[in-house]
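Presented below is the structure to which this report refers.
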Amino acid sequence: MIRSVVRGSGSALPKRLVTNADLAGRVDTSDEWIVERTGIRQRYIADDDETTSSLAIEAGRKAIEAAGMEPASIDLIVLATATPDQTFPATATRVQDALGCNGGTAFDVAAVCSGFLYALGVADSMLRTGMAKRALVIGAETFSRILDWEDRTTCVLFGDGAGAMVLEAADVAEDGPGILVTRLHADGEHNQLLYVDGGPSTTQTVGKLRMKGREVFRHAVVNLAEVLNEVLGEAGLTPADIDWVVPHQANARILDATAKKLGLPAEKVIKTVESHANTSAASVPLAFDVAVRDGRIKPGDLVVLEAMGGGFTWGASLVRL
Ligand code: UT7
């Protein structure tokens, strides 16, 4: 059967490290509050010369190197972001040009923190139906540019970064590698719980992020547990079969609560939220790449990726490496 097989991953972070103590000098907060409520200790914030595309290009280049492929052989780039360089053209086309993946298809996907799962689902469908052979799937964000730095309830939660995966369509055995199942959901009823108060068609400004954190938290735990059970059920598997969960890194308490709801031991959950904070669409591929490079995620492992974000949107994908 034809499946999309993960051939390599890469990631990138801005140079500037910002600690909780640094933020406590800016808004009325403390390292203690941030660590206790979120698990976040630090984040990386882009300088003026670092952009969503520059981070995406670095992550993409590393992923292509890890896959051992020629950039020109990549015929699809799907880039998930809510903070594109420009309203148009798609940031994916800047990445395509910089990496020399000329020809083929390149476009952006917007599903905020679930963006990487959406991008992966789209790329997987295109690979399995023969519309492309090799895909570079990227999640990249500079959320620092849409934060209200006076609002302590949101500005302490996010960071910038990028993560990427190279997928290739391959004929594999039933028990072979590849993306086994992806399930994506959206419920627009909850638009106003997490949104940006600007945009080209409404205010002609970029706007700032607004969030009702406690309500988002409540929905996140329920939705994530449901979609994880859904992909496992589709594949005829149970939580005990999973080697690793790579969740969206929004809050350590959401990760713990979701793992507990599923009966998954905490040691199987990849956590990078303490050092990267919430990097929106970048968080899943960034955490995945960290765990591949430090040797935790290995060939043959069964990994589940999951995320939930503005919209609401949420989704999960089950992948054998
Ligand atoms: O990636 C997209 C998905 N996003 C998420 O998943 C985020 C989900 N939500 C969360 O992670 C949590 O709800 C937060 C971390 C945002 C907030 O944690 P919480 O335990 O829900 O706190 P809260 O909003 O109920 O606020 C508790 C108190 C409030 O003070 P009062 O009203 O009790 O006096 C806040 O004003 O904490 C206060 N507070 C802060 N204090 C110090 C809020 N932010 C801060 C802060 N420093 N940075």
Side-chain angles (χ1 to χ4, degrees), residues 18-43 80-83 110-118 139-144 146-161 163 184-188 190-196 208-228 245-259 261 269 271-274 276-287 305-316:
V18 176
T19 63
N20 291 347
D22 294 332
L23 291 181
R26 199 163 171 167
V27 285
D28 181 15
T29 191
S30 64
D31 177 55
E32 195 189 4
W33 189 94
I34 300 171
V35 172
E36 190 190 311
R37 300 289 177 131
T38 71
I40 298 166
R41 293 182 182 276
Q42 59 174 53
R43 74 285 293 139
T81 191
T83 47
V112 208
C113 299
S114 317
F116 187 77
L117 269 299
Y118 270 66
E141 302 275 19
T142 44
F143 253 49
S144 60
I146 55 163
L147 294 176
D148 176 351
W149 287 100
E150 316 258 284
D151 176 10
R152 69 174 184 173
T153 69
T154 52
C155 76
V156 303
L157 304 174
F158 297 90
D160 301 330
L184 303 171
H185 296 281
D187 184 352
H190 303 296
N191 261 222
Q192 295 304 313
L193 296 181
L194 176 51
Y195 66 101
V196 169
K208 300 287 181 211
L209 180 146
R210 307 291 170 207
M211 176 167 74
K212 295 205 165 57
R214 199 181 292 185
E215 290 174 65
V216 176
F217 188 110
R218 196 164 50 79
H219 285 277
V221 176
V222 175
N223 290 345
L224 290 171
E226 266 176 28
V227 75
L228 284 169
V245 183
V246 184
H248 171 48
Q249 310 285 322
N251 183 323
R253 284 157 54 213
I254 297 181
L255 306 193
D256 295 341
T258 311
K261 222 167 177 313
V269 180
K271 261 193 215 176
T272 54
V273 65
E274 68 279 5
H276 300 158
N278 181 346
T279 58
S280 181
S283 90
V284 170
L286 189 47
L305 315 172
E306 48 98 324
M308 143 104 189
F312 290 142
T313 53
W314 66 103

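Counting convention: from 1, in listed order, for ligands and their atoms alike. Just the heavy atoms: all of them, side chains too, but no hydrogens, waters or symmetry mates, feed the values below.
Summary of contacts: the protein heavy atom closest to atom 25 (O) of ligand 1 is Arg214 NH2, 2.4 Å. Here the protein heavy atom with the shortest distance to atom 37 (O) of ligand 1 is Trp33 NE1, 3.2 Å. Ranking protein heavy atoms by distance to atom 1 (O) of ligand 1, first place goes to Asn278 ND2, 2.6 Å. Protein heavy atom nearest atom 16 (C) of ligand 1, with residue, atom name and distance: Leu157 CD1, 3.7 Å. In terms of protein heavy-atom proximity, atom 29 (C) of ligand 1 is nearest to Arg152 NH2, 4.8 Å. In terms of protein heavy atoms, atom 5 (C) of ligand 1 is closest to Val216 CG1, 3.7 Å. Nearest protein heavy-atom contact of atom 9 (N) of ligand 1 is Gly213 O, 2.9 Å. Of all protein heavy atoms, the one lying nearest to atom 18 (O) of ligand 1 is Arg253 NH1, 3.8 Å.
Interface atoms of ligand 1 facing Val156, defined by a heavy-atom separation under 4.0 Å, are 48 (N). Less than 4.0 angstrom separates some heavy atom of Arg37 from each of these atoms of ligand 1: 19 (P), 20 (O), 22 (O), 27 (C). Close contacts of ligand 1 with Thr29, meaning ligand atoms under 4.0 Å from a residue heavy atom, involve 42 (C), 46 (C), 47 (N), 48 (N). The Ala250 neighbourhood of ligand 1 comprises atoms 1 (O), 5 (C), 6 (O), with distances under 4.0 Å to a heavy atom of that residue.
Only the side chain of Cys113 comes within 4.0 Å of ligand 1, judged by heavy-atom distances. Residue Leu194 touches ligand 1 through its side chain alone, judged by heavy-atom distances below 4.0 Å. The residue Thr154 has no part lying near ligand 1, judged by heavy-atom distances below 4.0 Å. Only the side chain of Thr38 comes within 4.0 Å of ligand 1, judged by heavy-atom distances.
Although no hydrogens or angles enter the test, the distance criterion places no donor-acceptor pair under 3.5 Å between the side chain of Arg210 and the main chain of Val196. The backbone N or O of Thr279 lies less than 3.5 Å from no partner atom in the side chain of Ser283, so there is not a single donor-acceptor pair. In this structure, the side chain of Asn191 engages the main chain of Gly311 through a donor-acceptor pair within 3.5 Å. A distance-only check finds a donor-acceptor pair linking the side chain of Asp22 to the backbone of Thr19 [under 3.5 Å].
Counting only heavy atoms, the protein gets under 4.0 Å from atom 39 (N) of ligand 1. When distances from atom 48 (N) of ligand 1 to the protein are checked, a heavy atom turns up under 4.0 Å. Not a single protein heavy atom sits closer than 4.0 Å to atom 34 (O) of ligand 1. Atom 31 (P) of ligand 1 lies below 4.0 Å from none of the non-hydrogen atoms of the protein.
Closest heavy-atom approach to atom 6 (O) of ligand 1 within the set Thr279, Ile254, Asn251: this belongs to Ile254. Considering Glu32, Met211, His219 only, the shortest heavy-atom separation from atom 7 (C) of ligand 1 involves Met211.
Take Lys208 and apply the salt bridge (charged side-chain N to carboxylate O under 4.0 Å, His left out) test, not counting sequence neighbours, and it matches no residue.
Glu141 and Thr81 are linked by a side-chain donor-acceptor pair at a separation below 3.5 angstrom, with hydrogens and angles left out of the test. If you check the side chains of Asp160 and Ser144, you find a donor sitting under 3.5 Å from an acceptor.
Listed by first then second residue, pairs satisfying side chain to side chain donor-acceptor pair (under 3.5 Å) with a partner in residues 29-41 read Asn20-Asp31, not counting sequence neighbours.
Once rounded to the nearest 0.5 Å, the distance linking CG of Leu209 with CG of Asp148 reads 9.0 Å.
Two residues are said to be in side-chain contact when any heavy atoms from C-beta on lie closer than 4.5 Å; His185 and Val227 meet this criterion.
A tilted orientation is assigned to the rings of Phe143 and Phe158, their planes being inclined by 30° to 60°.
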